[in-house]
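Here the structure is laid out as structure tokens; the discussion comes afterwards.
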Amino acid sequence: MTGNINLQLGWPSTSLFPAAQLLEGASSVLSSQKKTALSLIYGPDAGYEPLRRSIAKWLTSIYGRGSELSLDRVCVTGGASQNLDNVLARFTEPGGYTRNIWMVEPCYFLACPIFTDNGFQGMMKGVPEDDEGLDIAFLRKGLEQSNKNAGSDAPTRKTGDKYQQLYRHIIYCVPTFSNPSAKTMSLTRRQELVRLAREFDALVVTDDVYDVLRWPAEKIANYEKLGDVPPRIVDVDRTLDGGPKDEWGNAMSNGSFSKIIAPGVRVGWAEATPAFTLALSQVGATRSGGCPAHIAASFVHEMLESGSLEKHLQMQVLPTFRTRYYAMLQAIDDYLVPLGMHISTGKPYNESSGLTNGASNGHKEPVAQAGGYFIWLLLPTELAGKGATLAAKGLERYDLKFAYGDMMQVQGEPASTERAAKGYGNGIRLSWAWHTKDEIVEGIKRLAALVGEARNEVQP
Ligand SMILES: Cc1ncc(COP(=O)(O)O)c(C=O)c1O
């Protein structure tokens, strides 16, 4: 097999795009005078109401909330990236009341420029993670230190009715099937994080964009169903110790259709307390231009309402990703493990009721879940610190691309660079989202050739 193999790309294969279902949605909207009138006008601040309703219903079914999620907790966004920008615009005062952005390390590196654009250059801090998620003790120490530093105790520029709520800190993470580390935060860690956020006037912003893409971590024939999706941090904040600290709460969930329909639809949603959601939906650009992605939102609503999204997920997306994931695992075992590489994706989440696959295959315990788009591997110790060199050689000699740990540093934080050198810089991230199963296996073989060659160079 020849040609470029890009295991860095966190994009879904174009063959998975549900174009026919979107077309059906589009026809349904554009052939109806009533729907057209609703969807081709400036969108309401909180977004296309039928979509907000169908998202609320869908999230209720996914996260098993007990009661139906109320509409006023949800607003439509232009995707997780765009909404992060809005959150910062509305709820932070960089260089004033808001002290720092705390990012789980290795971090989703494309979030760094969003923070920088919003005035947080030099204020982003990394928080290491272990097998259960971010290091709470480390974060607590950092928050305490940050609050001792000179800074404003009250907002100075963002004042008045428009900014009724600003947060002192932002904690940004991807708690489930993280990008890049593929780790899933344990329930205890989620609870500790919410308590810490309440104590330090922090907002936890989570990109929950991979939650529904999940399957058993080990290949099992004939499984019936998985246990619960790990609760989002926003669910924990909603329910823990009697509920949110105040009407604003300390968590906001960023959902997106990018990974489950297609990135080009640019539709996502936010969930938080009603007060937070309302204020978020009132950012200046939305007040002027209406809710982003309005027409696309109406197509997505049709897909949710007709059940075609769920069907697409169950029949196309999940089987495809699952199969590729198992093929990747097998290839890693066959070709990379013998070279001293190993998978490092933390403790799999199995705190829910788990896989209820009965006695037929002997699995009675909850079965660990895997999912998302990525796997994280550690290079052999003798190649520590060589991720960037390897990636460059991979492209040049093997036409192979992959992401490496040093890319995932928190930008502008020297301590994050130091920690990369001592640990997570030794990781590489591979994705199964873009290539076919056979291409993935070929990519792993090329990686093995690259790593084998590099090992021979350091220990001839
Ligand atoms: C953690 C994370 N957040 C956000 C995004 C982008 O989301 P959206 O397309 O909804 O802006 C990605 C895509 O790779 C991601 O991995």
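For ligands, and for the atoms within them, numbers begin at 1 and follow the listed sequence. Residue numbers run from 1 in the order of the sequence given. Heavy-atom basis, side chains included; hydrogens, waters and symmetry copies ignored.
- Counting non-hydrogen atoms of neighbouring residues, nucleotides and ligands closer than 6.0 angstrom, the NZ atom of Lys437 reaches no more than 12 such neighbours.
- Summarising the local packing, CG of Leu110 is surrounded by more than 12 heavy atoms from other residues, nucleotides or ligands at distances under 6.0 Å.
- Heavy-atom proximity to Val174, at under 4.0 Å, picks out these atoms of ligand 1: 1 (C).
- Considering backbone and side-chain N/O of Gly10, none are found under 3.5 Å from N/O of ligand 1.
- Short contacts between ligand 1 and Arg266, defined as distances under 4.0 Å to a heavy atom of the residue, involve ligand atoms 8 (P), 9 (O), 10 (O), 11 (O).
- With salt bridges taken as basic N to acidic carboxylate O contacts below 4.0 Å, one links Arg446 and Glu442.
- By the criterion of a heavy-atom distance under 4.0 Å, both the backbone and the side chain of Ser81 are placed next to ligand 1.
- Using modelled atom types, one finds no donor on one side chain facing an acceptor on the other under 3.5 Å when comparing Ser416 with Gln409.
- For Tyr373 and Trp434, the ring centers are positioned 6.0 Å apart or more.
- Looking only at heavy atoms of the protein, atom 14 (O) of ligand 1 is closest to Lys259 NZ, 2.7 Å.
- For Tyr325 (side chain) and Ala217 (main-chain N/O), a donor-acceptor pair under 3.5 Å exists by modelled atom type.
- Ion pairing of Arg189 with Asp130 is present here, as a side-chain N (NZ or NE/NH1/NH2) and a carboxylate O approach within less than 4.0 Å.
- Counting heavy atoms closer than 4.0 Å to ligand 1, residue Gln82 contributes nothing at all.
- The protein heavy-atom contact nearest to atom 12 (C) of ligand 1 is Tyr108 OH, 3.4 Å.
- Of all the heavy atoms of Tyr210, the ones lying under 4.0 Å from any atom of ligand 1 belong exclusively to the side chain.
- The Ser256 neighbourhood of ligand 1 comprises atoms 8 (P), 10 (O), with distances under 4.0 Å to a heavy atom of that residue.
- Counting non-hydrogen atoms of neighbouring residues, nucleotides and ligands closer than 6.0 angstrom, the CD atom of Gln121 reaches no more than 12 such neighbours.
- Atom 9 (O) of ligand 1 has its closest protein heavy atom at Ser258 OG, 2.6 Å.
- Protein heavy atom nearest atom 4 (C) of ligand 1, with residue, atom name and distance: Asp207 OD2, 3.4 Å.
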